[in-house]
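A note on names: the letters A, B, ... follow the listed sequences, proteins ahead of strands, and every chain is numbered from 1. Since the structure is predicted, the reported quantities are computational estimates derived from the model, not experimental observations.
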Number of protein chains: 2
Amino acid sequence: MIEAIRPMQRTPEPTVDAVGDWCGLVHQVRRLSARTFLKLWLPRGLVQIVCAEAPEGVRAGATVRVRGRVVAATLRDATLYWRSLEIAATEVEIVASPAPEGMPFDLTRPELVATPQTRLDHRPASLRHPRIRAAFTIQAALVRAFRAHLDGLGFTEIRSPKLGSEGAEGGADVFDLDYFGRRAVLAQSPQFYKEMCTGVFGRVYEVGPVFRAEPHATRRHLNEYTSLDVELGPIGSFTEVMSLQVGLLAAMMQQLEQDCSHELALLEIELPEVHTIPALRFAEAKKITGGTGHDLAPAEEAALGRWAQSEHGSQWLYVTHYPTAKRPFYAMDTPGEPSVTDSFDLLFRGTEITTGGQRIHDPGELEAKIRSRGMDPAGFAFFLQAHRCGLPPHGGFGLGLERMTALLCGIDNVRDATLFPRDAHRLTP
Amino acid sequence: MIEAIRPMQRTPEPTVDAVGDWCGLVHQVRRLSARTFLKLWLPRGLVQIVCAEAPEGVRAGATVRVRGRVVAATLRDATLYWRSLEIAATEVEIVASPAPEGMPFDLTRPELVATPQTRLDHRPASLRHPRIRAAFTIQAALVRAFRAHLDGLGFTEIRSPKLGSEGAEGGADVFDLDYFGRRAVLAQSPQFYKEMCTGVFGRVYEVGPVFRAEPHATRRHLNEYTSLDVELGPIGSFTEVMSLQVGLLAAMMQQLEQDCSHELALLEIELPEVHTIPALRFAEAKKITGGTGHDLAPAEEAALGRWAQSEHGSQWLYVTHYPTAKRPFYAMDTPGEPSVTDSFDLLFRGTEITTGGQRIHDPGELEAKIRSRGMDPAGFAFFLQAHRCGLPPHGGFGLGLERMTALLCGIDNVRDATLFPRDAHRLTP
């Protein structure tokens, strides 16, 4: 019995007067005296179904096939993706059913009422809440826009290994495992690989998981998160990297406005403007916060966020020229100012979402820097090999996807901006 | 000192009569008596520079800035991305230099002359060979096309965790590690997560790393590879999943033709046609190969590839209805035929690149299947939870990116279709 498989046809989305079949998961059932209203999940979102009577067993979590005609309507329910139409069904057939006990919580309330712990323990259910789901539609659009903008600028997408023999950032916060009798570590960052690839493709990006074995549990940290990584060469200065990012963020916001109007309205998100972004030296930032030390504490970031808003009307702020002592060995010192680096952090709404800067490209300079930090160049053999083959002057940045999603969507805890988050206490679901 | 960072402007690509600056990595230097020819890497590929004299230290691996005018030319060298123009430089300035010892091998030969081992040991250098680099430009385009096609069909991109508490496929071939005092495993597949997400988004895909702790070293296996994963519901039959894939593969080939004409020509790749794909039941396939057992050996796959080519003129072949005994517990049995499953493999040029099928969506049926295999449902708590909340009838597939790249580009060993491959003996670079 041989048959030929043909390409799948595009499923038409509901438009007024269309007659046909629609199949989807039931989100809600409301039975009134004369009619029953269903909310049905189609790929883009919820659509309302009206029918004279629905079969007995239809309930949330069932999959149904409805046959009917699309009619114009004016619907106020903000969870509906289609609010100017509904499907008048002549037939509703149950295709699959959930278990009899039903959902662990009521998904039809405007906000999910559940403790953070319960919400995450029952992720397969909580993700079905329209407001929670919407944040991930936005997250997917953010990544799509990130890639589209960079593709347009001649960037090449790379995939670096997550299993390696040493960490880019070094230190103790690395997961290690037995790899056929040897020690392997999980990548904390694609840093070395993206730098090496500037010698191959010039401009590269990667979207992938990174792993940090930090035991602390804060609202802004995960043990596995998605890093949007960019690296490009040749550059004339680290400010070019920031310029690239400003254009990129503007494009990402524009794309959200275009693709996610439903989700933005549902979550009542006002997108931040991105025209130019103010920049401040680290030393100047410290004068504003009144703080000390070589890093910015979360409270200092928040203060700087308020400062950028009041002084520049910007939700974004670059802090540049971080102290050399606090930057990794591959960071380039500022010419003539060896105590600071040609580096930056980007704050969004008072929280750091990006670290970046120019990197050392000269092989001799890199080796000297490794030695000056008391490290052994042999531990960075292949990274140095790339430099010896010649790398263009280059720089880049990493942007934490979940943290950016949380800040954008007004989500307080980064775990809730992650489909299936991992922290020191959570390995499931 | 505060400044505002503006969005980066698009760098113009060379067009005839344009006058300007171009900056890039030098690939090759040829000094003739009167003129010097350089090949320079720009983001899209190589361009030829002609100048009266180049500075003394210009060599492969250096970064230079050239000033000049673009002139029309007819160039035969297939490694050049721009073959109908060159840049007549009036000025060439060295911006960065490689180490004095030069490249570990000659990157200007038509083919890289090096053992497979050396090629991979010196990956930062070997990737710069135009033919090797081209395969990764094609790989990036494959993934871009994969996502674009699915985005157009209303799919949502998801990111599932790579750290978990149990493996989707079970068995011994899993990497494990200490996770804050507990055992964690690296994901062998996003199977459970993508299935759960059909209850949230209906149609989902993921592009991400998967990890297999298989100690064997073959030309077609890696210990870390990229899986292009798709899952969708509601579906009426597993053949809908194959239909989706046929349309997807056709779109991917079309996109390659459009975006990668230079790379396809350089590697002399003739893209396979994808209109309809023939399908054959596993039992029928076994009659053709004359083999026994519940699986297809590589030699049998090769024989079936030749059969599909000679009987159907197709480089693709679906083998369907695999024995239940060889499919995972979540595979759906064929209605009325419990010894086989509604599943498929896709062979491309005689090698399996995809496994897929319909999955069990009914919570009671799944739990019974788990028990019937002697496993404990408690070990699949959150997967069963998703089913109990109601999943649509669903199915999907996984496609190995590196293997597909290798088959498409005529690369013999899948390691060479991976930027930085990982096998039992290789953790660097």
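- There is no contact between B/D259 and chain A, counting heavy-atom distances below 4.5 Å.
- Of the possible donor and acceptor atoms, none in the side chain of B/R6 sits under 3.5 Å from a partner among the backbone N and O of A/V246.
- Shortest non-hydrogen contact noted between B/L153 and A/R44 is C-NH2, 4.4 Å.
- Closest of all the heavy-atom pairs between B/S97 and A/D362 is O-OD1, 4.4 Å.
- Only the backbone of A/D176 comes within contact range of chain B, with at least one heavy atom under 4.5 Å from a heavy atom of that chain.
- Ring pair B/F180/A/F175 is perpendicular by interplanar angle, where above 60° counts as perpendicular and below 30° as parallel.
- There is no contact between A/A250 and chain B, counting heavy-atom distances below 4.5 Å.
- Using a 4.5 Å heavy-atom threshold, the side chains of A/F420 and B/C197 count as touching.
- In this structure, CG in B/L42 is found 9.5 Å from CZ in A/R203, a value given to the nearest 0.5 Å.
- Pairing each heavy atom of B/L163 with each of A/E224, the nearest pair is N-OE1, 3.1 Å.
- To the nearest 0.5 Å, the span separating CZ on A/F211 from NZ on B/K162 amounts to 8.0 Å.
- In this structure, CG on B/L25 lies 11.5 Å from NE2 on A/H394, to the nearest 0.5 angstrom.
- A/R182 places a side-chain N or O within donor-acceptor distance of the main-chain N or O of B/H425, the cut-off being under 3.5 Å.
- The two residues A/R133 and B/V200 make their nearest non-hydrogen contact at NE-O, 2.8 Å.
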Taking distance alone, no hydrogens or angles, what donor-acceptor pairs closer than 3.5 Å link side-chain atoms of residues 380-392 of chain B to residues at least two apart or in another chain?
{"residue": "B/H387", "atom": "ND1", "partner": "B/F383", "partner atom": "O", "Å": "2.8"}
{"residue": "B/H387", "atom": "NE2", "partner": "B/I360", "partner atom": "O", "Å": "3.1"}
{"residue": "B/R388", "atom": "NE", "partner": "A/E101", "partner atom": "OE2", "Å": "3.3"}

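- Taking CZ of A/R147 as the start and CZ of B/R147 as the end, the distance is 3.5 Å to the nearest 0.5 Å.
- Contact record, A/I5 with B/A279: CG1-CB, 4.1 Å, taken as the closest heavy-atom pair.
- Pairing each heavy atom of A/R426 with each of B/Y179, the nearest pair is O-OH, 4.0 Å.
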